[in-house]
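What follows is a single structure, written as structure tokens, with notes after it.
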Number of protein chains: 2
Amino acid sequence: MRRVTIKDIAKEANVSYATVSRALSGSPEISEKTRAHVLEVSKRMGYTKNYIAHAMVKKRTGLIGLIVASVKNPFMSELAFHIEQHAMLKGYNLMLCNSSHDTERERQVFEVLISRQVDGIIIVPTSAETHRHLAPYLETTPTVFVGENLRDAAVSYVAIDNYRGTRIGMEYLYGLGHRDILYFGRRKGSVTHQLRANGYIDACEEAGIEPMICHSSYTSSSIQNGYQLAKTLLAKPIDYTAVFAATDSMALGFMKATSELKIRIPKDLSLMGFDNIQYAELPRIDLTTIEQPQQAIAATAVDTLLERINNPQAGYAHHVLSPKLIERGTCKQLSDTE
Amino acid sequence: MRRVTIKDIAKEANVSYATVSRALSGSPEISEKTRAHVLEVSKRMGYTKNYIAHAMVKKRTGLIGLIVASVKNPFMSELAFHIEQHAMLKGYNLMLCNSSHDTERERQVFEVLISRQVDGIIIVPTSAETHRHLAPYLETTPTVFVGENLRDAAVSYVAIDNYRGTRIGMEYLYGLGHRDILYFGRRKGSVTHQLRANGYIDACEEAGIEPMICHSSYTSSSIQNGYQLAKTLLAKPIDYTAVFAATDSMALGFMKATSELKIRIPKDLSLMGFDNIQYAELPRIDLTTIEQPQQAIAATAVDTLLERINNPQAGYAHHVLSPKLIERGTCKQLSDTE
DNA sequence: TTGAAAGCGTTACCAC
DNA sequence: GTGGTAACGCTTTCAA
């Protein structure tokens, strides 16, 4: 039951266990002959390196902690996938934790990951305040935030230009002839939401159209919350031709409400999302939206983290990637006779 | 930069470091007075336990390895979420690996996880052969397979009764008046698929109706593959009133094809899925399907694994959970004048 | 080129 | 109750 160690190999191969270590770790200070012999023996005995002991002396585990609100969430799961792939490529493995949108839980798992000696942590923060709660840890643990634009914070982050995202979307809607565009589901407490809303407002201003914002008082942007919000919104008169949802999930909630009310999308109302989660391209959903380039975000996050890990006195970095319009079927050209 | 260790605390508190260890681990053989003192000092110095060193001597890491084909996949991501939650509850953390549907990769990450000394591994196997490739490791590493019914294998697994799943679905379709039901997307090489297909065939036989099976030659059941398969299928005459898809993903692919061909679901054709992935309940999708109880599967998998971990000479266990019909909007009652 | 031994941060055993 | 110390499996000096 006990696993084979280098001592076992040393005994079998008639060398010291220092020599075995050297042979296995590819050290140059060993003769080819003994190396070959040791390698042969260790293979025969089915040796596997004990990374725990390795980490113990090297003081690095080759582990990255990933904290997300919930991997169930399609945005997070995609991100987790790409982060794992990219980390694997660089020789790192992933420890996954869900914070369940709970700031205290976020702090707890952060501490657990530190206890487990991860070399660094990538976190998709639950709120714009997260980095404040984590401040005591951030000095000693290389950390990269993903998703939120923490422009004023002295921490590394990777996010997209959310402001530009809504501007791009507005440009597109405007080009389709829309002049009455409602922004749906703005949430407080998130920089991301604030920036997106600002992009919308500025676009309206420049186009000389009146901004209409439907605020969300929910703490997360789930389909369910979008649905509830849409129901109250749609109970009132509809004096807009297009709806720009703050997130794809909100857009899907909106869509659910319109389905029930027999409002046809895009025939009666155009709908635009934001994020381009996997759901968006499903048949019958076919949501026009603004993409967050997940793979690029993931790769950048991992690279930024590894840089910090390998160069502890390096400062922080802010990476802002470009969003992109994904044209699908939920926005229609407005006829002139509207 | 160096983290505080129990030796630092010992020095500061003027006790031996054995005493510090006792105080921190809640040992009873220590006076309340010194414990309080040590705890105070360690708190003041911001001590966090080093789990690596802990694992080194305890020979257990409190880590569970999770191998899935891809967390991007909605089924896997949901499972990963619940497994993490349940493991966390039991004091375990998760190491996540994606195998990318590649058997060799599966073997590689399995080895990595063993090297990292995880206490046990939960794997959603890529194929029914996976456990054969992993056989050499399975004797020494507690492992639980999830999703595949490996009835004849001496390994622990948790899965649903897939045979019963299609029987339940067929009963429902029959009850709605359907007599011409096509089974869509049967895939070779997966026990799951075989059992589902058998359930379908036996149900047909008992009902005295002719089975029609559309086989899939793809290696995975993605939406894309379902779409391609559906396109060739729908090019031929449609002599059935309902389609039972092997998986929800296949059903969504089918749905995409019907959308393009202006075939209305459920008006022209009823559609039933299998799995109840999150997508299924989205607005406009609203897929009637057979549920795999993910949370129960996750909890059972974790519990089964922990049992094996805590009792190494225990045998293997086969857990077969019950599928359930989820009635939504893609199956319609057939009128008598069909 | 090889071996002996220290050390990584804990726990656990044995004295006192 | 408390302290000293070996041990976990590895890497890395330092000698030989």
Side-chain angles (χ1 to χ4, degrees), chain A residues 1-39 41-42 45-63 91 111-119 140, chain B residues 1-39 41-42 45-63 91 112 114-119 140:
Chain A
M1 209 55 199
R2 209 183 109 272
R3 264 169 205 151
V4 178
T5 72
I6 53 173
K7 288 193 184 175
D8 300 322
I9 298 172
K11 207 176 293 173
E12 181 75 11
N14 264 317
V15 291
S16 75
Y17 62 90
T19 303
V20 177
S21 172
R22 278 191 274 259
L24 292 170
S25 60
S27 157
E29 20 184 54
I30 187 176
S31 75
E32 267 319 309
K33 186 156 158 289
T34 38
R35 153 165 296 135
H37 179 219
V38 169
L39 255 39
V41 172
S42 69
M45 297 181 75
Y47 171 79
T48 48
K49 186 203 216 70
N50 182 330
Y51 269 106
I52 296 293
H54 182 264
M56 189 83 194
V57 19
K58 290 289 231 175
K59 289 175 162 305
R60 47 174 298 284
T61 51
L63 247 31
E111 225 172 57
V112 168
L113 290 174
I114 290 176
S115 273
R116 292 207 175 270
Q117 313 298 117
V118 296
D119 293 339
T140 53
Chain B
M1 207 58 197
R2 210 183 109 270
R3 263 168 206 152
V4 178
T5 72
I6 53 173
K7 287 193 182 174
D8 300 322
I9 298 172
K11 207 176 290 173
E12 180 76 11
N14 265 317
V15 290
S16 74
Y17 63 89
T19 302
V20 177
S21 173
R22 277 192 277 260
L24 291 169
S25 61
S27 156
E29 21 183 51
I30 186 175
S31 76
E32 268 319 309
K33 187 158 157 289
T34 36
R35 153 164 297 136
H37 179 220
V38 169
L39 255 39
V41 172
S42 68
M45 298 181 73
Y47 171 80
T48 48
K49 185 204 216 71
N50 183 330
Y51 269 106
I52 296 292
H54 182 265
M56 188 85 193
V57 19
K58 290 289 231 176
K59 290 177 161 303
R60 47 174 299 283
T61 51
L63 246 32
V112 168
I114 289 176
S115 273
R116 291 208 176 270
Q117 313 298 116
V118 297
D119 293 339
T140 53

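Just so it is clear: chains get the letters A, B, ... in the order the sequence lines come, proteins before strands, and each one is counted from 1.
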Can a donor-acceptor pair under 3.5 Å be found between the side-chain atoms of A:Arg2 and the base atoms of D:dG9?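 When only heavy-atom distances are counted, A:Arg2 does not reach the base of D:dG9 through any donor-acceptor pair under 3.5 Å.
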- Task: Please confirm whether any donor atom in the side chain of A:Arg3 sits under 3.5 Å from an acceptor in the base of D:dG9, or the reverse.
- Result: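 Check fails, no donor-acceptor contact within cut-off.
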| message | The side chain of A:Ser31 is closest to which nucleotide in this list: D:dC8, D:dG4, C:dT1? | response |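 Out of D:dC8, D:dG4, C:dT1, the nucleotide with an atom closest to A:Ser31's side chain is C:dT1.
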Quiz item: Using a cut-off of 4.0 Å on non-hydrogen atoms, how would the nucleic acid contact of A:Thr34 be classed: base, sugar-phosphate, or nothing?
Solution: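 If one applies the 4.0 Å heavy-atom cut-off, A:Thr34 turns out to touch the sugar-phosphate alone, with no base involved.
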With respect to the phosphate group of [N], does any side-chain polar atom (N or O) of [X] fall under 4.0 Å of OP1 or OP2?
| X | N | value |
| --- | --- | --- |
| B:Lys59 | C:dT11 | no |
| B:Tyr47 | C:dT10 | yes |
| B:Ser16 | D:dG3 | yes |
| A:Lys58 | D:dT12 | yes |
| A:Ser21 | D:dC10 | no |

Next item on the list: For A:Arg116 and A:Thr61, indicate whether the former's side chain and the latter's backbone hold a donor-acceptor pair under 3.5 Å.
Entry: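 Checking the backbone N and O of A:Thr61 against the side chain of A:Arg116, no donor-acceptor pair under 3.5 Å is found.
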**Asked** Any Lys/Arg nitrogen of A:Asp8 or A:Arg2 sitting under 4.0 Å from an Asp/Glu carboxylate oxygen of the other?
**Response**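 Salt bridge between A:Asp8 and A:Arg2, a charged N being under 4.0 Å from a carboxylate O: yes.
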query: Could you give the OH-to-C1' distance, from A:Tyr17 to D:dA7, as a whole number of Å?
result: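 Going from OH in A:Tyr17 over to C1' in D:dA7 covers 12 Å.
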**Item:** Point-to-point distance, once rounded to the nearest 0.5 Å, from CD1 of B:Ile52 to CE of A:Met56
**Value:**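 The CD1 atom of B:Ile52 sits 8.5 Å away from the CE atom of A:Met56.
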Got a second to check how far A:Tyr17's OH is from A:Thr5's OG1, nearest 0.5 Å?
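It comes to 10.0 Å.
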